[in-house]
Number of protein chains: 2
Amino acid sequence: MRPPTWTIGELASDFDTTLRTIRFYEDKGLLTPERQGTTRIFHARDRVRLQLILRGKRLGFALDEIAHVINMYDNPPGEAGQLEFLIADIQTRRDHLLEKRRDLDEALAELDELERRCRDDLAGLGL
Amino acid sequence: MRPPTWTIGELASDFDTTLRTIRFYEDKGLLTPERQGTTRIFHARDRVRLQLILRGKRLGFALDEIAHVINMYDNPPGEAGQLEFLIADIQTRRDHLLEKRRDLDEALAELDELERRCRDDLAGLGL
DNA sequence: TCTTACCTTTACGTCAACGTAAGGTACGGT
DNA sequence: ACCGTACCTTACGTTGACGTAAAGGTAAGA
């Protein structure tokens with residue numbers, strides 16, 4: 001029972017993306033798969049990172065920013081100053097996400113309102 | 001007291017964007033300002049639309065999709081079939097937004113968890 | 001009258017995030 | 001011996017969303 005690994009093709013189909021995209025992310029330093037000869041072998045760590053990347057993309061973040069964030073998860077630094085810096089960084093990231101959630105909730109509310117109006121119109125047609 | 005209007009420069013500074021961006025959106029048919037000679041005059045409608053566009057962008061949507069959505073707000077169709085079609089469309093849009101919110105909440109939870117760990121590490125350094 | 005501050009159009013440039021083709025390697029099956 | 005499949009690299013192409021210069025019009029104020 002040794003730890004599971006994945007090929008690039010498996011990851012691509014698992015997360016519904018493309019080989020090209022995964023290779024591109026490696027090129028950008030976001031993924032660092034092991035190699036057997038030339039073939040990539042992905043371990044759990046890179047699988048998780050890929051998941052984080054794709055989620056970040058769905059949320060509309062650029063790869064640079066995503067890279068910054070997922071690297072925060074890597075190395076909790078050992079030095080106090082660095083730790084405080086990291087914590088401050090986390091704060092601003094969270095603020096960004098909270099702003100985004102406000103946007104999202106507003107958009108949802110407006111959609112609901114629109115649907116209500118549509119249903120009213122639809123009901124009005126029956127009279 | 002006639003209804004308020006805005007110049008392109010006012011809108012740009014109000015929403016912290018650029019003239020170029022606003023003109024680009026007009027080019028794409030997302031905005032349709034009135035003209036006085038060659039100069040654009042924006043009314044409340046386009047101001048709202050610009051707000052919606054920029055919010056959509058912050059949420060990571062492409063302009064095509066944004067165009068589709070804000071046009072839904074325009075013309076509640078008068079025909080029953082069309083109305084039902086629109087309602088169905090609203091459903092799928094909402095589903096997308098809800099997925100996005102799940103992503104967002106997960107990301108927030110992980111950030112919180114990371115911060116907790118950092119604070120623990122920081123406290124551990126004091127011993 | 002001249003400057004400043006707006007606005008305009010046209011058009012080429014740019015950057016991120018891949019897509020896509022060309023050509024090669026390696027392995028399992030028939 | 002050959003085929004199909006999955007992997008690889010290199011490198012040019014594409015698309016969306018603007019940026020940025022060039023060249024100019026208009027109206028208010030010194």
In plain terms, say whether A:Glu26 and A:Arg23 are close enough for a salt bridge, that is, a side-chain N and a carboxylate O under 4.0 Å apart. no
Does A:Lys100 use its side chain to pair, donor to acceptor, with the backbone of A:Leu59 at less than 3.5 Å? yes
Rounding to a whole Å, what distance do you find between B:Ile53:CD1 and D:dG16:P? 17 Å
Between B:Arg94 and A:Asp112, is there a salt bridge with N-O shorter than 4.0 Å? yes
Under the criterion side chain to side chain contact (heavy atoms under 4.5 Å, CB included), I'd like the reasoning laid out for B:Leu108 against A:Arg101: C-alpha separation, chi angles, the key distance, then a yes or no. CA-CA 10 Å; B:Leu108 274 168; A:Arg101 196 164 65 178; 4.0 Å; yes
Applying side chain to side chain contact (heavy atoms under 4.5 Å, CB included), run through A:Ile53 and A:Phe61 and close with a yes or a no. CA-CA 9 Å; A:Ile53 296 166; A:Phe61 292 102; over 6 Å; no
Check A:Arg47 with A:Asp14, please: is the shortest side-chain N to carboxylate O separation under 4.0 Å? yes
Integer-rounded Å distance: D:dA17 C1' and B:Ile22 CD1: 15 Å
Among B:Leu50, B:Ile22, B:Thr32, find the residue that satisfies the side chain to side chain contact (heavy atoms under 4.5 Å, CB included) test when tested with B:Phe42. B:Ile22
Search all heavy atoms of A:Arg40 against all heavy atoms of A:Pro33 and return the closest pair with its distance. CG-CG, 3.6 Å
I need the minimum non-hydrogen distance between B:Ala107 and A:Leu97, along with the two atoms involved. CB-CD1, 4.0 Å
Tell me: CG of B:Asp27 to P of C:dT9, nearest whole Å? 9 Å
Please list, pair by pair, any protein nitrogen or oxygen found under 3.5 Å from a nitrogen or oxygen in nucleotides 18-21 of chain D.
from   : atom 1 : to      : atom 2 : distance (Å)
D:dC18 : OP2    : B:Tyr25 : OH     : 2.6
D:dC18 : OP2    : B:Lys57 : NZ     : 3.4
D:dG19 : OP2    : B:Thr18 : OG1    : 2.9
D:dG19 : OP2    : B:Thr21 : OG1    : 3.4
D:dG19 : N7     : B:Arg20 : NE     : 3.0
D:dG19 : O6     : B:Arg20 : NH2    : 3.0
D:dT20 : O4     : B:Arg20 : NE     : 3.1

Could you go through nucleotides 3-5 of chain C and list every protein N or O atom that sits under 3.5 Å from one of its N or O atoms, giving the distance for each pair?
none

Heteroatom pairs (N/O) under 3.5 angstrom, protein to nucleotides 4-8 of chain D:
from  : atom 1 : to      : atom 2 : distance (Å)
D:dC7 : OP1    : A:Thr7  : OG1    : 3.1
D:dC7 : OP1    : A:Gly9  : N      : 3.2
D:dC8 : OP1    : A:Arg40 : N      : 2.9
D:dC8 : OP1    : A:Arg40 : NE     : 2.8
D:dC8 : OP2    : A:Arg23 : NE     : 3.3
D:dC8 : OP2    : A:Arg23 : NH2    : 2.8

Shortest non-hydrogen pair, A:Thr18 vs A:Ala12, comes out as C-CB, 4.0 Å
Using whole Å, what does the distance between atom P of nucleotide C:dA16 and atom CD of A:Glu65 come to? 14 Å
Grab the CD-P distance between B:Glu26 and D:dA17 for me, whole Å please. 17 Å
Let me check something: do A:Val69 and A:Leu98 share a hydrophobic cluster, defined by ILVMFWY side-chain heavy atoms less than 4.5 Å apart, either directly or through other members? yes
Taken to the nearest whole Å, NZ/A:Lys28 to C1'/C:dC18 is 10 Å
